[in-house]
Amino acid sequence: MPLFSTPTQFAALALIFIAGWLFGLASHPGGKKWKARYHAERDAHAVAKKDADIRAAAAEKRAVEAEHENARLVKATPVVPVAPVTTTRAPVEDRSIFVSPDTRPIAASSARPAYNNDGTKRGWFDFDRR
C-alpha cells in the first residue's frame, strides 16, 4: 500500500511542505551577515593574491639580477690566489678566565667533506660506504 494514495493525503503533504518552507523563510536571519562575510573573504583573498603576485615579481627580478651578476662574474678576470698567512700563537699558560684572546691556541677544524677524493659519497658516521 502506497504511503500517499488519496487526494486529501497529497493536499496535506503539499500544505505541510509549504508551511515548512514559510517557517524556514521566517526563521532565517537574512543574507546580510553572510554577504558581509563573503565580501570580507573576497577582499582578503584579493589582497593575498596581490601580495603573492608582488612577491613573485620581486623574486623574478632577483633571479634576473643574479643571472646578470653571474654573467658578469664569468667575464671578469680571475683573481690570483694568495698564499695564506699562517700565524702561531703562544701556548696558554694561565687557565684563568682572564686569558687574552691573542694567547688562545688555534683549534683545528674537525669538519670533513661529504665526498671522498675519488668522488664516492661518505656514509652516515662512515658506515655503509658507497
Side-chain angles (χ1 to χ4, degrees):
M1 175 169 177
L3 189 59
F4 299 103
S5 59
T6 65
T8 308
Q9 291 175 343
F10 280 112
L13 179 66
L15 183 64
I16 290 173
F17 175 73
I18 292 172
W21 182 57
L22 290 174
F23 180 73
L25 284 176
S27 64
H28 190 264
K32 292 180 182 178
K33 177 174 66 172
W34 305 110
K35 284 181 185 177
R37 287 183 183 178
Y38 169 73
H39 290 304
E41 184 65 27
R42 184 188 61 194
D43 295 342
H45 179 72
V47 168
K49 185 172 180 176
K50 184 177 178 182
D51 187 38
D53 290 344
I54 290 171
R55 287 183 184 179
E60 181 67 26
K61 184 178 177 183
R62 286 192 306 269
V64 169
E65 289 175 358
E67 288 174 3
H68 289 308
E69 182 69 14
N70 286 341
R72 186 189 66 80
L73 291 174
V74 166
K75 294 178 184 176
T77 58
V79 177
V80 178
V82 178
V85 178
T86 57
T87 59
T88 57
R89 295 182 180 175
V92 177
E93 298 295 328
D94 184 15
R95 296 285 180 192
S96 70
I97 60 170
F98 300 107
V99 175
S100 162
D102 295 333
T103 60
R104 292 184 182 159
I106 299 174
S109 175
S110 62
R112 296 186 349 210
Y115 290 90
N116 295 323
N117 291 337
D118 60 352
T120 58
K121 187 175 179 180
R122 293 182 188 266
W124 287 95
F125 306 108
D126 287 335
F127 299 132
D128 186 29
R129 292 183 186 226
R130 298 178 203 170

- Task: Only pairs at least two apart or in different chains count here, so list each side-chain hydrogen bond (donor to acceptor under 3.5 Å, both in side chains) that has a residue in residues 64-79.
- Result: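 Listed by first then second residue: Glu69-Arg72.
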- Given Lys50, which of Ile54, Val47, Asp53 fulfils the side-chain contact (heavy atoms from CB on, under 4.5 Å) condition?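 For Lys50, the side-chain contact (heavy atoms from CB on, under 4.5 Å) check succeeds only for Ile54.
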According to side-chain contact (heavy atoms from CB on, under 4.5 Å), who are the partners of [X], at least two apart in sequence or on a separate chain?
X	result
His45	none
Asp118	Asn116, Thr120
Arg55	Asp51

- Task: Give me the other members of the hydrophobic cluster that Leu73 sits in, counting Ile, Leu, Val, Met, Phe, Trp and Tyr linked by side-chain heavy atoms under 4.5 Å, directly or via other members.
- Result: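 None; Leu73 is a cluster of one.
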- Give the other cluster members for Ile18, using side-chain heavy-atom distances under 4.5 Å between Ile, Leu, Val, Met, Phe, Trp and Tyr residues; answer none if it is isolated.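 Phe17, Trp21, Leu22, Leu25, listed by chain and number.
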- Message: Could you work out, with side chain to side chain donor-acceptor pair (under 3.5 Å) as the rule, every residue matching Arg62, not counting sequence neighbours?
- Response: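 If we apply the side chain to side chain donor-acceptor pair (under 3.5 Å) test to Arg62, skipping adjacent residues, there are no hits.
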- Among all residues two or more places apart in sequence or in another chain, which pass the salt bridge (Lys or Arg N to Asp or Glu O under 4.0 Å) test with Asp43?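 Not a single residue meets the salt bridge (Lys or Arg N to Asp or Glu O under 4.0 Å) criterion with Asp43.
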